[in-house]
Every structure is written in structure tokens, then in C-alpha cells.
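The analysis underlying the following values was restricted to heavy atoms, covering all of them including side chains, and did not include hydrogens, waters or symmetry mates.
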2 protein chains.
Amino acid sequence: MLSLTCKTAIKAVIYLASKFESGEKSGIKEIAEFIDASEHTVGKMLQTLVKAEVINSAKGPTGGFFITGKQKNQAIIKIIDAVDGKNVFEECGLGLSKCSATHQCPIHNDYKVVRDKFKTLCQQKKVSDLCDTVNDGLAYLVG
Amino acid sequence: MLSLTCKTAIKAVIYLASKFESGEKSGIKEIAEFIDASEHTVGKMLQTLVKAEVINSAKGPTGGFFITGKQKNQAIIKIIDAVDGKNVFEECGLGLSKCSATHQCPIHNDYKVVRDKFKTLCQQKKVSDLCDTVNDGLAYLVG
DNA sequence: ATAATAAAAGCATTTAAATACTTTTATTAT
DNA sequence: ATAATAAAAGTATTTAAATGCTTTTATTAT
Ligand code: FES
Ligand code: FES
């Protein structure tokens, strides 16, 4: 459902959120190393997130990527919309060009329920929620 | 979650199921045309399904692909297992190498629910169920 | 037996995602 | 002002999935 880059994006934003308290900015290399992802993929993806105002960046020395309190409070669907596009949760489970009740595929009714449940999850989970579980040692970003 | 080829496979098997009553066998070309997919992808994928005994084939004139009553009664997860592998429903939602409760990612608890729901759907829906909705004009394989 | 048919199999190409590299631009500390 | 730093941007390569093509093998009807 989500691209690899999108999953990486969610982990990167959680990492940035964990640096919010201290106010530290983080460089591409640091982020990529921590979440165990390709530096280049991370760099490009972070730019996308900056454009979508999901995170912020500053150039030059002492620069880097960072997140604001408001952004930390955003649901992770914002990250998904920015990286994979707004269409993720509207796609047909059997690959029809358009998911619709009036011209539905054979699994539409049941698939829609699952897909909507996933969408709701992404709408409800805030970056800060996920960050907390990591900070508390209840969840991990690598492994 | 499912590959494009896997979605194509489900549609192809539903098509074969619709030919069960008449006993007709279907050729690659005919199937590909009906479900609006690449002939070559369909050919290769059908071979995989034959090997996995999800469908059957016969060479030579009057040959083609067909399905037995028993196979028509199978759940679509058999198709998924054959084409995309048995691991589809065990994958971590954030891309960790292994999904496990003891070393979980930040969305594990909620994601697992959704993923399991989708798995249950694939275990419960039989080829014949989906075939019926198409035959009754309630659902479509293309469009 | 022979020819025709259709799947099986193997290899090649295309496409899109992911990853890698290089250059440019902005910012800050000196 | 200058040099150092780090993101931004653009281009190129790699990888895996999907698609395309060609040859082989098995089967059936004649
Ligand atoms: S039409 Fe296939 S999921 Fe809605
Ligand atoms: S660990 Fe990520 S879904 Fe289970």
C-alpha cells in the first residue's frame, strides 16, 4: 500500500520529532544513519516533505531539518499525502482504474472496509504519538 | 499490498471459474483480452498458478486453462500465496525486516489489525463467491 | 505418421522505483 | 569579504517488476 520511500519518510519524521524538545536540527546523513536508510533517498524525500510543509529546513552551518510543535502534532497521513500522493486510499483492491460503488470489483465491499480502516489509522496517529512510543522504548524504528 | 500481477491472477481465476459450468478451456490470449491485461504477464502467471495447482492446463489443440469444482471452491488466498508468496500478510507496515510484537514498529498494534482483517477477507472469499457477483452483474473485472 | 495447436520455457526489453553522484545555492561563523 | 557548511537541485545508475519475443514441448485431430 505504502511505498518504501513513504515508510522511510514516516520514520524520518518520527526521528525529527524526537529532537524537538532539544531544538536540535538534524542533517541528512544523521537521519539516514539512524533509520538505516539510503542517504540519497532520505535527502530527496526530505525535500519533498519540506515543500509540503510537513517539516522545515535551514541551509548553511547550524542548518538542517527540524520540526515545529504544530507539525509534530500532525497526523501521519500528511506525510503519506506528500510522498505517495493523495490517491493511496482511493485505489481499487483488484487494480480497476477507479474504485467506485457503482462499477465495483468483486472484493470492493470488503476491501473498502479494510482500506478505510487503514486510512482512519493514518488520520488518527499523530507524529507525536508514534514518537512517544519510541522514546518510551515500546517501539523501534530499525531492526 | 498485492502486486499488480497478483491482482491480475485473481481476475484470471475468476474468469476461468465463470467457464466452469460449460467445461470450456480458455487460452492465454482469450483470458488476457477479457481481463484487459498483458498477454505475456498472464501467460507466465498462469504457469505459476498451474504449478501451485490453483488451476489446470492442457497442451495441444482443444487445450487451454481450466479450473475444477474443487479449485473453484478455494479461497483467493491460495492465489495470493502462489503469486506473491506466503509472506504478504506478515510484513511490517513501516518496513522493519520482521514484524513481531516483541520488537515492534510504532504502528504495529493498529497495523496488525488492518493487515489481519485483510488476510481474513482473503481466506474467506472463495473464487466461486467472487465469480457469482460477476455473473450476476453486480461486479466487474475491468473498467 | 503428420500437421496443427496451445502451453511451457527461456531470454530480452521496458518501465518505474530506488539509489547514487555531482553541482548549485543559501547561510552562518570567522 | 571569505571560507565552511549543509540543503537544494539536477542528472545518472541500479534494481526489480512488468512486459515482450522466440523457441521448445506436448497433445490432438487428421
Ligand atoms: S472497485 Fe475494487 S475496491 Fe472498490
Ligand atoms: S512491527 Fe511493524 S507492523 Fe508489526
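For A:H40, the listed nucleotide lying nearest its side chain is C:dA20; candidates were D:dC21, C:dA26, C:dA20. Residue A:K44 places its side chain closer to D:dG10 than to any other of D:dA4, C:dA8, D:dG10. Between C:dA8, D:dG20, C:dA26, one nucleotide has an atom nearer to the side chain of A:K59 than all others, and that is C:dA26. In this structure, the nucleotide among C:dT25, C:dA8, D:dA18 sitting nearest to the side chain of B:L4 is D:dA18. The side chain of B:T62 sits closest to D:dT28 out of C:dC21, D:dT28, C:dT28. Side-chain atoms of A:F65 lie closest to D:dA7 of the nucleotides D:dA18, D:dA7, C:dA18.
Side-chain nitrogen and oxygen atoms of B:T5 include at least one within less than 4.0 Å of the OP1 or OP2 phosphate oxygen of D:dA18. Distances shorter than 4.0 Å separate none of the side-chain N or O atoms of B:Q47 from OP1 or OP2 on C:dA7. Within the structure, every side-chain polar atom (N or O) of A:S57 is placed at least 4.0 Å from both OP1 and OP2 of D:dA6. OP1 or OP2 of D:dT19 has at least one side-chain nitrogen or oxygen of B:T41 nearer than 4.0 Å.
A:L46 comes within 4.0 angstrom of nothing in the nucleic acid, heavy atoms only.
The distance from atom CG of B:D36 to atom C1' of D:dA18 is 15 Å, rounded to the nearest whole Å. With rounding to whole Å, B:L49 atom CG is found 11 Å from C:dA8 atom P. Summarising the geometry, the separation between CE on B:M45 and P on D:dG20 is reported as 14 Å, rounded to the nearest angstrom. The distance from atom CD of A:E39 to atom P of C:dA18 is 18 Å, rounded to the nearest whole Å.
With A:T41 contributing its side chain and A:A37 its backbone, the two residues share no donor-acceptor pair below 3.5 Å. No donor-acceptor pair closer than 3.5 Å links the side chain of A:D81 to the backbone N or O of A:K86. Side chain of B:S26 to main chain of B:I31: no donor-acceptor pair is present (N/O by atom type, distance under 3.5 Å, no hydrogens or angles).
Comparing A:P61 and A:G43 along DNA chain D, the residue whose closest nucleotide (by nearest heavy atom) sits nearer the 5' end is A:P61. Each of B:V50 and B:G60 has a nearest nucleotide on DNA chain C; the 5'-most of these lies closest to B:G60.
Atom CZ of A:F34 sits in a sparse spot, with 12 or fewer heavy atoms from other residues, nucleotides or ligands closer than 6.0 Å. A 6.0 Å sphere centred on NZ of A:K78 holds no more than 12 heavy atoms belonging to other residues, nucleotides or ligands. By the 6.0 Å contact criterion, CD on A:E53 is open, its count of non-hydrogen atoms from other residues, nucleotides or ligands being 12 or less.
When ring centroids are compared, B:Y111 and A:F118 come within the 6.0 Å threshold.
Nearest approach of B:V127 to B:K72, heavy atoms of both residues: CB-O, 3.4 Å.
For DNA chain D, each stem of at least three Watson-Crick or G-U pairs (distances under 3.5 Å) is given as range with range: C:1-30 with D:1-30.
Contacts with DNA chain C (heavy atom under 4.0 Å) in residues 15-34 of chain A: none are found.
Atoms CD1 and CD, on B:I67 and B:Q71 in that order, are 5.5 Å from each other to the nearest 0.5 Å.
For the pair A:K112 and A:D116, the salt-bridge criterion is met [side-chain N within less than 4.0 Å of a carboxylate O].
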